[in-house]
Amino acid sequence: MIRFFNTFSGSLEEFRPIREGEVRLYTCGPTVYDYPHIGNYRAYIFEDLLKRFLLMAGFKVIHVMNITDVDDKTIKGASREGVSLQEYTARYIEAFFEDLKTLRIMPADIYPRATQHIPDMVRMIKGLLEKGFAYYRDGSVYFSIEKFPAYGRLAKINLEELKAGARIDSDEYEKESVHDFALWKKAREGEPFWETELGAGRPGWHIECSAMSTRYLGPSLDIHCGGIDNIFPHHENEIAQSEAYYGQKFVNYWLHCHHLVVDGEKMSKSRGNFYTLRDLLARGLDPVDLRFFLLSTHYRKMLNFTFDSLDQARASRQRILDFVYELEHRTFGPGSEPEIQALVDRVLTDFREGLSDDLNISAALAALFEFIREINFRLSRDLVKREDAGRVLQAVHELDRVLAILPDKTEEALPPDILEKIERRQKARKEKNFALADAIREELRQRGIILEDTREGVRWKRIK
RNA sequence: GGCGCGGUACCCAAGCGGCUAAGGGAGAGGUCUGCAAAACCUCGAUUCGUCGGUUCGAGUCCGACCCGCGCCUCCA
């Protein structure tokens with residue numbers, strides 16, 4: 001049984017998709033006004049884990065992730081640089097896709113862009129006006145939350161309290177109630193706008209997601225994800241718009257990922273603890289280590305990023321990599337041991353069961369590490385045979401469909417002159433010319449290559 | 001003020017009513033080795049922020065308190 005914590009109900013629920021064997025997944029994507037920071041990627045990696053797990057569990061997954069390419073920030077950015085909105089956002093969209101690849105995040109099936117779905121938004125806004133959920137004010141259209149009594153259920157906020165805590169709103173737009181939100185913003189001097197039946201203007205942020213999610217996934221989705229900060233008001237507003245328009249349940253399972261903080265504090269540029277993926281890559285960090293770090297803490301728990309904790313994650317991942325390396329490079333005697341098959345079966349089961357329990361990655365990884373220890377113990381006593389080794393490797397690769405942390409097959413080879421030096425050193429060692437051997441080892445170390453003499457021969461590693 | 005999260009070994013982190021409190025990192029000891037490095041093995045909490053309570057039995061439920069953090073405004 002698969003269970004997820006549903007923000008809407010505030011409890012763990014058994015997961016059952018609307019259509020058997022198929023999951024319609026919507027995840028809030030980036031607003032492309034800047035390079036995403038590592039906190040953004042925590043959310044995307046959580047969603048990647050979710051998706052890969054669903055795929056492993058045998059579901060077909062239809063995944064839509066929006067790209068917000070028009071909003072206050074993108075408009076401001078473009079105008080600051082004196083370039084078109086499109087020109088401005090194109091650079092960040094490209095960077096975003098590059099980063100996804102770098103972090104081995106599986107691509108979504110569709111990446112709808114707000115600017116390419118204006119008609120869908122207009123259609124919804126018109127419908128909301130007709131049904132009385134929205135009103136015009138000074139050329140803009142607002143959603144009236146009073147007309148939607150269920151407003152606040154996701155975020156567990158009640159309207160009375162909202163009103164009581166309301167302060168003078170600094171929004172330049174006029175509206176009936178401070179908490180009503182804009183569906184359509186009237187065109188303003190110097191800002192991009194679309195000529196539509198609603199008048200000249202541009203969409204509000206929330207309607208973008210409602211229009212694009214339902215456009216591709218239908219009025220009811222199985223899972224909708226985002227960071228916890230999206231719960232209110234963004235997701236609350238999405239529910240209001242979508243359910244008011246379609247008259248049916250918008251989302252069955254709301255999954256929200258907690259924040260990443262840096263050195264125990266919220267990331268911010270002013271605090272100087274703000275990192276983009278590119279910042280970290282520039283420091284020589286292996287992006288897959290970052291992936292593993294972001295992956296290895298439960299998604300509903302606040303994650304504290306420090307360079308020390310990243311280093312711990314790197315070491316932890318290395319244990320898995322060393323294990324695979326050993327299995328791939330050692331020579332085994334023929335045959336198999338029944339015990340190994342039992343261990344293989346167990347790790348596969350326990351790993352999946354761990355993830356089935358609201359993506360309990362700690363439990364899943366514990367199963368993997370326990371497996372590694374059991375097999376290593378047997379390796380150290382030559383109790384693993386050729387067929388066993390194959391099965392063990394296959395199992396680890398199966399789990400890596402979800403983790404995606406094993407090295408690429410196309411690991412870059414060493415240049416010939418270095419290979420030649422390694423050989424020369426081996427020869428020197430055989431001849432007990434250790435002075436030469438050590439000199440070569442030191443020389444290669446200077447060049448960033450570490451040599452290790454193992455029972456099975458020389459192993460080399462690059463140092464970052 | 002309102003809503004919410006967390007406090008488990010030196011660090012990270014599962015467990016959320018009942019077997020010896022997972023797992024990883026660091027550390028210590030050992031195996032291997034020309035040396036080194038790496039790898040591997042073994043060992044590390046009579047105890048779960050504090051104080052009360054419920055229970056045959058509590059990190060696990062209830063209450064109070066103490067710390068740390070987040071959201072309530074754009075935000076993953």
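Here is how names work: the chains are called A, B, and so on, in the same order as the sequence lines, proteins then strands, and each is numbered from 1. The figures here come from the full heavy-atom set of this structure, side chains too, leaving out hydrogens, waters and symmetry mates.
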- Query: To the nearest 0.5 Å, how far apart are CD1 in I45(A) and CZ in R52(A)?
  - Reply: 9.5 Å

- Task: Just call it for L451(A): base, sugar-phosphate, or nothing, with non-hydrogen atoms closer than 4.0 Å on any strand.
- Result: base

- Message: Looking at R459(A), I'd like to know whether one of its side-chain N or O atoms comes within less than 4.0 Å of OP1 or OP2 on A36(B).
- Response: no

- Item | Polar side-chain contact K73(A)-C74(B) base: donor and acceptor under 3.5 Å | yes

- Item | R373(A) side-chain proximity, nearest of C69(B), G23(B), C11(B) | G23(B)

- Give N376(A) one of three labels, base, sugar-phosphate or nothing, depending on what nucleic acid heavy atoms sit under 4.0 Å from its own. sugar-phosphate

- Message: Can you confirm whether the side chains of Y92(A) and D69(A) place a donor and an acceptor under 3.5 Å from each other?
- Response: no

- Query: Does a side chain donor of either S210(A) or S242(A) reach within less than 3.5 Å of an acceptor in the other side chain?
  - Reply: yes

- Between F5(A) and R300(A), is there a cation-pi geometry (under 6.0 Å to ring centre, at most 45° from the normal)? yes

- Query: What nucleic acid atoms does S309(A) come within less than 4.0 Å of, heavy atoms only: base, sugar-phosphate, or nothing?
  - Reply: nothing

- Task: Select one nucleotide: of G34(B), A14(B), C40(B), the one nearest the side-chain heavy atoms of A437(A).
- Result: G34(B)

- Between the side chains of D71(A) and T68(A), does any donor sit under 3.5 Å from an acceptor? no

- Task: Please check if any side-chain donor atom of D222(A) sits under 3.5 Å from a side-chain acceptor atom of Y26(A), or the reverse.
- Result: no

- C10(B) C1' sits how many Å from D311(A) CG, rounded? 16 Å

- Query: Reckon R153(A) touches a base, only the sugar-phosphate, or nothing at all at heavy-atom distances under 4.0 Å?
  - Reply: nothing

- Residue whose nearest RNA chain B nucleotide is more 5′ - Q312(A) or I375(A): Q312(A)

- On a whole-Å scale, what distance lies between the C1' atoms belonging to A26(B) and C3(B)? 38 Å

- Task: Select one nucleotide: of C74(B), C11(B), C72(B), the one nearest the side-chain heavy atoms of P233(A).
- Result: C74(B)

- Annotated structure of RNA chain B as dot-bracket, pair cut-off 3.5 Å, Watson-Crick or G-U only, | for inter-strand, is ((((((((.[[[..)..(....]]].(((((.......))))).....[[[[[..)....]]]]])))))))....

- Query: Could you state the interatomic distance from NE2 (H256(A)) to CZ (F46(A)), rounded to the nearest 0.5 Å?
  - Reply: 8.5 Å

- Query: If you look at every strand shown and take non-hydrogen atoms under 4.0 Å, does F434(A) touch a base, only sugar-phosphate, or nothing?
  - Reply: base

- Donor-acceptor pair present, E370(A) side chain and G23(B) base, under 3.5 Å: no

- Message: Using a heavy-atom cut-off of 4.0 Å across all strands, would you classify G39(A) as base, sugar-phosphate, or nothing?
- Response: base

- Determine whether the side chains of K51(A) and H63(A) contain a donor N or O and an acceptor N or O closer than 3.5 Å. yes

- Among the candidates A13(B), C35(B), A76(B), find the nucleotide nearest to the side-chain atoms of K301(A). A13(B)

- Query: Ignoring hydrogens and geometry, is there a side-chain-to-backbone donor-acceptor pair from D311(A) to D308(A) under 3.5 Å?
  - Reply: no

- Note on the structure: Taking A36(B), A76(B), G70(B) as options, the one with an atom nearest any side-chain atom of D453(A) is A36(B)

- Polar pair under 3.5 Å, donor/acceptor by atom type, side chain D229(A), base G70(B): no

- Item | Minimum-distance nucleotide (side-chain atoms of F377(A) versus U42(B), C35(B), G23(B)) | U42(B)

- Query: Touch check for S316(A), heavy atoms < 4.0 angstrom, all strands: base, sugar-phosphate only, or nothing?
  - Reply: sugar-phosphate

- Checking C40(B), C35(B), C74(B) against the side chain of D438(A) (C-beta onward), the nearest is C35(B)

- Message: Strictly below 4.0 Å: does N230(A) bring a side-chain N or O up to OP1 or OP2 of C74(B)?
- Response: no

- Any R300(A) side-chain N or O less than 4.0 Å from OP1/OP2 of G6(B): no

- Message: Here's a test of your reading of the structure: between R314(A) and R429(A), which maps to the more 5' nucleotide of RNA chain B?
- Response: R314(A)

- In whole Å, what is the span from the CG atom of L444(A) to the C1' atom of A37(B)? 14 Å

- Message: For a quick check, tell me whether the side chain of R441(A) and the base of A37(B) share a donor-acceptor pair closer than 3.5 Å.
- Response: no

- Give the rounded distance in Å between these two atoms: CZ of F369(A) and P of C41(B). 12 Å

- Message: Syn if the chi torsion is within 90° of 0, anti otherwise; quick check, which is G25(B)?
- Response: anti

- Expected label for G44(B) (glycosidic angle, syn inside 90° of 0, else anti) would be syn

- Message: I want to check one thing: is the phosphate of C71(B), taken as OP1 and OP2, less than 4.0 Å away from some side-chain N or O of K266(A)?
- Response: yes

- Tell me what G354(A) touches on the nucleic acid: a base, only sugar-phosphate, or nothing, going by heavy atoms under 4.0 Å. nothing

- With Y41(A), the side-chain hydrogen bond (donor to acceptor under 3.5 Å, both in side chains) member among D99(A), D48(A), T276(A): D99(A)

- Message: Measure CZ/F307(A) against P/C11(B) and give the value in whole Å, please.
- Response: 21 Å

- Note on the structure: Closest of A26(B), A76(B), G24(B) to the A315(A) side chain is A26(B)

- Task: Using a heavy-atom cut-off of under 4.0 Å over every strand shown, decide if H298(A) touches base, sugar-phosphate, or nothing.
- Result: sugar-phosphate

- Task: Decide yes or no, distance alone: a donor-acceptor N/O pair under 3.5 angstrom between the base of C41(B) and the side-chain of R378(A).
- Result: no

- Spatial distance of atom CD1 (I125(A)) from atom CE (M121(A)) [nearest 0.5 Å]: 8.0 Å

- Pairwise P distance, G6(B) and U42(B) [rounded to whole Å]: 33 Å

- Could you give the NZ-to-P distance, from K432(A) to U33(B), as a whole number of Å? 12 Å

- Query: If you look at every strand shown and take non-hydrogen atoms under 4.0 Å, does L260(A) touch a base, only sugar-phosphate, or nothing?
  - Reply: base

- Between atom NE2 in H258(A) and atom C1' in G7(B), what is the gap in whole Å? 14 Å

